[in-house]
Amino acid sequence: MTSTSTPPGLTRFNALEEHAAFAALHEVCASTAWARRLLAARPYSTSDDLYAVSDAATAELTAEDLAEAMAGHPPIGRPEPGDPTSAREQRGMAGATEELKAEMLELNLAYQEKFGHVFLICATGRTGEQMRDAVKERIGNAPEQEREIVRTELGKINRIRLARLVEED
């Protein structure tokens with residue numbers, strides 16, 4: 001494959017010094033194990049190659065790695081101040097009523113008490129009501145079942161964030 005077929009953003013990512021590439025990956029996902037796995041597989045020829053390694057790395061995260069990854073995500077309805085990524089991803093809550101915001105706060109706290117971590121969902125493109133309904137549905141899950149749903153949601157978030165990292169010119 002010629003270098004002209006590699007997206008400019010991916011070419012830039014491949015060329016980053018290791019510490020800079022690690023920092024960029026850590027912005028995508030707070031799991032050190034995930035970031036190291038993606039670093040080790042550089043350079044990538046295509047974005048799909050990068051996503052495949054990301055998916056495999058996400059699938060192999062231990063419970064501790066997942067906890068580390070989730071610690072990098074603010075609760076739904078409370079994006080990190082000054083963090084454009086969480087604000088963009090949680091846009092569906094921006095126009096929510098005060099009642100819905102209060103309900104999400106209560107549900108987030110109940111979920112966190114049950115599972116010991118934030119409610120993680122790929123919020124991109126979802127309304128506040130859809131996120132509320134999802135937490136209401138998932139709070140009844142067994143911890144093992146919920147951990148696998150979290151892993152799936154984390155994989156979706158990682159793909160969206162990686163695409164922003166490597167597909168922009």
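Positions are given from 1, in the same order as the sequence printed here. As a basis for the values below, the full set of heavy atoms in this structure was taken, side chains included, without hydrogen atoms, waters or symmetry mates. As the structure is a prediction and not an experimental result, all values here were calculated from the model.
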* Applying side-chain contact (heavy atoms from CB on, under 4.5 Å), run through F22 and L16 and close with a yes or a no. => CA-CA 9 Å; F22 180 83; L16 288 174; over 6 Å; no
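- Atom CZ in R159 sits 7.0 Å away from atom OG in S54 (nearest 0.5 Å).
- Side chain of R151 to backbone of A59: a donor-acceptor contact under 3.5 angstrom is found.
- What you find for P7 and S47 is that their closest heavy atoms are CG-OG, 3.7 Å.
- Taken from CD in E106 to CE in M104, the straight-line distance is 11.5 Å, to the nearest 0.5 Å.
- Each of T58, L120, L154 was evaluated against L66; a single residue qualifies, L154, per the side chain to side chain contact (heavy atoms under 4.5 Å, CB included) test.
- Between W34 and V28 the shortest side-chain heavy-atom distance falls below 4.5 Å.
- Electrostatic pairing of E18 and R42 does not count as a salt bridge here, judged by no charged N lying under 4.0 Å from a carboxylate O.
- The hydrophobic clustering, which links ILVMFWY residues whose side-chain heavy atoms are closer than 4.5 Å, places V53 and L39 together.
- Between A69 and A30, the shortest heavy-atom contact is O-CB, 4.0 Å.
- T46 and D49 are linked by a side-chain donor-acceptor pair at a separation below 3.5 angstrom, with hydrogens and angles left out of the test.
- Within the 3.5 Å criterion, the main-chain N or O of P75 finds a donor-acceptor partner in the side chain of Q90.
- Considering CE of M70 and CG of L61, their distance stands at 9.5 Å, rounded to 0.5 Å.
- Within a 6.0 Å sphere centred on CZ of R36, heavy atoms belonging to other residues, nucleotides or ligands number 12 at most.
- Using modelled atom types, one side-chain atom of Y44 and one backbone atom of L38 make a donor-acceptor pair closer than 3.5 Å.
- Shown here for P43 and N14, the closest heavy-atom pair between the two residues is CA-OD1, 3.3 Å.
- Note: the hydrophobic cluster containing I121 does not contain I160 (ILVMFWY, side chain heavy atoms under 4.5 Å, direct or indirect links).
- The residues E103 and K136 are annotated as salt-bridged, a charged nitrogen and a carboxylate oxygen being separated by less than 4.0 angstrom.
- Taking the charged nitrogens against the carboxylate oxygens, E146 and K114 have no contact shorter than 4.0 Å, which rules out a salt bridge.
- In this structure, M93 is a member of the same hydrophobic cluster as I139, with clusters built from ILVMFWY side-chain heavy atoms closer than 4.5 Å.
- To the nearest 0.5 angstrom, L25 atom CG is 9.5 Å from N158 atom CG.
- For the pair L100/M131, no side-chain contact is recorded, criterion being any heavy-atom separation below 4.5 Å from C-beta on.
- Checking side-chain atoms of D65 against main-chain N and O of T62 turns up a donor-acceptor pair under 3.5 Å.
- With respect to the salt-bridge test (charged N to carboxylate O, under 4.0 angstrom), the residues K156 and E153 qualify.
- Using a 4.5 Å cut-off on side-chain heavy atoms (C-beta onward), Q112 and V118 make contact.
- Between R164 and T85 there is no side-chain heavy-atom pair separated by less than 4.5 Å.
- Judged by distance alone, the side chain of T6 and the main-chain N or O of S45 form a donor-acceptor pair under 3.5 Å.
- In E27, the CD atom is not crowded: 12 or fewer heavy atoms of neighbouring residues, nucleotides or ligands sit closer than 6.0 Å.
- Hydrophobic clustering of Ile, Leu, Val, Met, Phe, Trp and Tyr side chains at less than 4.5 Å, counting indirect connections, unites F115 with I157.
- Without hydrogens or angle criteria, D55 side chain to G155 main chain gives no donor-acceptor distance under 3.5 Å.
- Taking SG of C122 as the start and CD of E89 as the end, the distance is 7.0 Å to the nearest 0.5 Å.
- Scanning both residues, A56 and R37, for their nearest heavy atoms gives CB-NH2, 3.7 Å.
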* Asked: Going through the distances and angles, do L10 and L50 end up as a side-chain contact (heavy atoms from CB on, under 4.5 Å)?
  -> CA-CA 9 Å; L10 184 58; L50 174 66; 4.3 Å; yes
* To do: Would you please test V150 and R138 for side-chain contact (heavy atoms from CB on, under 4.5 Å) and show each step?
  => CA-CA 10 Å; V150 164; R138 287 172 46 191; 3.7 Å; yes
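- Annotation: the span from T32 atom OG1 to H26 atom NE2 amounts to 4.5 Å, rounded to 0.5 Å.
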